[in-house]
Amino acid sequence: MKVHIFTYGCQMNENDTEIAKQLLLNEGFEITDSEDDADVVILNTCAVRKKSEEKVYSHIGKLKKKGKKIGIMGCVAEKEKENLFKRGVSFVLGTRALAEIPKAVENAKNGSRHAYFDDTLSEIEYHKVETRSSKHHAWITIIYGCDRFCTYCIVPYTRNREKSRTLDSVLTEVRALVDKGYKEFTFLGQNVDAYGKDLGDGTSLAKLLREASKIDQVKRLWFLTSYPTDFSLEIPQAMNESEKIAKSVHLPVQHGSNKILKAMNRRYTREEYIQLIQDIRKIVPDASISSDIIVGFPGETDEDFEDTVNLVKELKFERLNLAVYSPREGTVAWKYYKDDVPYKTKVRRMSYLLNLQKLINKELNEAYKDKTVEVIVEAQAKNGLFYGRDIRNKIISFEGSNELIGKSVLVKVNKITAGPLHGTIEKVLDF
């Protein structure tokens, strides 16, 4: 029986899809890259924004017309549960019921409908997952869930409370992947800085980074996504101790106004966030800091937005992910706050920040002119050029070949833009 999995959303969903494919292969199912060729199509879904959820429902409609058996996993599955059966799906798989996916597909094949919401994560043998989307880089989920309950966010309701994997489990997975030739790893969590706190045995993200960096064939370590009040300064200290730990921190601020931060239940003030960034840069002066911002949150005035603009100008993020606020059913903001910022105002404010960030990017990128940096080659872009990232997560493109993917090269930067940098390979490194 052939199964196709289509993935929406974040890197954690990508990792869940990799694990799901392995579990299905273990039970004799065939994985196909073709939706049309599949007997069962599974949608691994995202519910962070309404638009993401609507894409899933549209996809379900198209699959029904093709006569496919449909399975839903991911955040929409957890959010809507059995309601999805009304849309004609064959099974619904909660975000922690991943180990049940072979049973779900088998039951779908037999024509029965089931929903699965038990926590079966402990049954997964992570170190045996070989169905990776890359040959040199691996996603590794180290903590599931989030306990922060920001008022706009659906994630704590769809991913549940925080649950860490043990340090030994994660390191065993890293070692198994190193044996297969992997050299680059990204540790994932909805709140990756909370890793280990629920275990009560001294495990932490900083400790994991230190231990993983001791493994000989590990080339580079990343982590996503951080939360300000959980971020430990031990992490930048670990960056200074090992050249393997990327000097890159994605630390969402979400807003520059204390009034809006409080309404968002972000648990820190503007001043505390600024101090944290200053502390990180004091320890690692060349650290790359990126962030997320939501514009148009309920109650956001021109003065509140100006606070955000000034924050962006002061901190000069390397990258900035921007989103227009949209209410998510089931959240505190949806229930208690009026979505009172006109859509045109939201778009105008986001456009202003986009243009501001482009200017900042261009300014920061100038520091790379004529500089030679080490890059791990990732892939070939649509324009025919290859690209990779340096240890600060800066994307650099260059002429190359498929044989270089996964290898480390020295690239001299010779062209600056507000986006990717462009350069020429000077040397291919042995490691």
Side-chain angles (χ1 to χ4, degrees), residues 8-10 13 45-61 74-81 83-84 86-87 95 145-160 190-191 225 227-229 250-270 273 290-312 317 320-357:
Y8 292 90
C10 66
N13 268 12
T45 61
C46 174
V48 170
R49 296 186 181 89
K50 184 178 181 180
K51 187 175 181 180
S52 302
E53 192 171 338
E54 289 173 344
K55 286 181 180 179
V56 173
Y57 299 145
S58 176
H59 202 160
I60 290 172
C75 287
V76 174
E78 195 75 42
K79 176 178 175 289
E80 293 298 313
K81 295 183 166 47
N83 288 333
L84 288 165
K86 298 174 184 177
R87 296 182 179 270
T95 53
C146 181
D147 291 353
R148 294 296 150 256
F149 288 93
C150 301
T151 57
Y152 55 82
C153 187
I154 196 70
V155 168
Y157 306 97
T158 60
R159 288 285 182 173
N160 302 307
Q190 268 85 27
N191 178 11
T225 288
Y227 185 88
T229 58
H250 185 67
L251 199 59
V253 62
Q254 302 301 3
H255 213 276
S257 160
N258 281 333
K259 183 191 82 177
I260 300 298
L261 287 173
K262 184 176 181 180
M264 288 178 165
N265 191 33
R266 287 296 288 178
R267 302 168 188 247
Y268 53 84
T269 64
R270 167 198 181 90
Y273 182 88
S290 57
S291 196
D292 297 345
I293 286 177
I294 296 171
V295 297
F297 190 80
E300 182 187 71
T301 63
D302 288 340
E303 290 75 16
D304 294 323
F305 177 67
E306 194 62 29
D307 284 343
T308 296
V309 170
N310 290 333
L311 181 83
V312 171
F317 299 109
L320 195 57
N321 299 326
L322 298 169
V324 166
Y325 170 76
S326 64
R328 298 304 295 126
E329 184 179 353
T331 64
V332 171
W334 169 80
K335 188 173 182 180
Y336 295 107
Y337 300 163
K338 182 181 178 182
D339 185 17
D340 57 358
V341 179
Y343 183 72
K344 287 184 178 180
T345 302
K346 293 178 182 178
V347 172
R348 175 173 51 80
R349 289 173 179 170
M350 186 168 76
S351 296
Y352 184 91
L353 283 175
L354 279 170
N355 290 328
L356 172 61
Q357 186 60 33

message: Pair W334, I154 - check side chain to side chain contact (heavy atoms under 4.5 Å, CB included), show working.
response: CA-CA 10 Å; W334 169 80; I154 196 70; over 6 Å; no
- request: Answer yes or no: is there an ion pair linking D339 with K346, defined by an N-O contact shorter than 4.0 Å?
  value: yes
query: How far apart are the closest heavy atoms of R266 and P228, and which atoms are they?
result: NH2-CD, 3.9 Å
- prompt: So, the side chain of R328 versus the backbone of A47: is there a donor-acceptor pair under 3.5 Å, distance only?
  reply: yes
message: Strictly distance-based, threshold 3.5 Å: is any side-chain N or O of K259 a donor or acceptor partner for the main-chain N or O of G299?
response: yes
message: Looking at T45, is its backbone amide N or carbonyl O close enough to the side chain of N13 to form a donor-acceptor pair, meaning the two atoms are under 3.5 Å apart?
response: yes
- request: For residues L84 and Y57, determine if any side-chain heavy atom of one lies less than 4.5 Å from a side-chain heavy atom of the other.
  value: yes
- prompt: With side chains defined as the heavy atoms from C-beta onward, is the minimum distance between I293 and Q357 less than 4.5 Å?
  reply: no
- prompt: Quick one: CG on N310 to CZ on R270, what's the gap to the nearest 0.5 Å?
  reply: 6.0 Å
query: Can H250 and D292 be counted as having a side-chain donor-acceptor contact under 3.5 angstrom?
result: yes
- prompt: How many angstroms lie between atom SG of C150 and atom CD1 of I294, to the nearest 0.5 angstrom?
  reply: 8.0 Å
- prompt: Can the ring centres of Y152 and Y337 be said to be less than 6.0 Å apart?
  reply: no
- prompt: Where the side chain of T95 meets the backbone of T158, is there a donor-acceptor pair that is under 3.5 Å apart?
  reply: yes
- prompt: Can a salt bridge be assigned to the pair K79 and E53 using a cut-off of 4.0 Å between side-chain N and carboxylate O?
  reply: yes
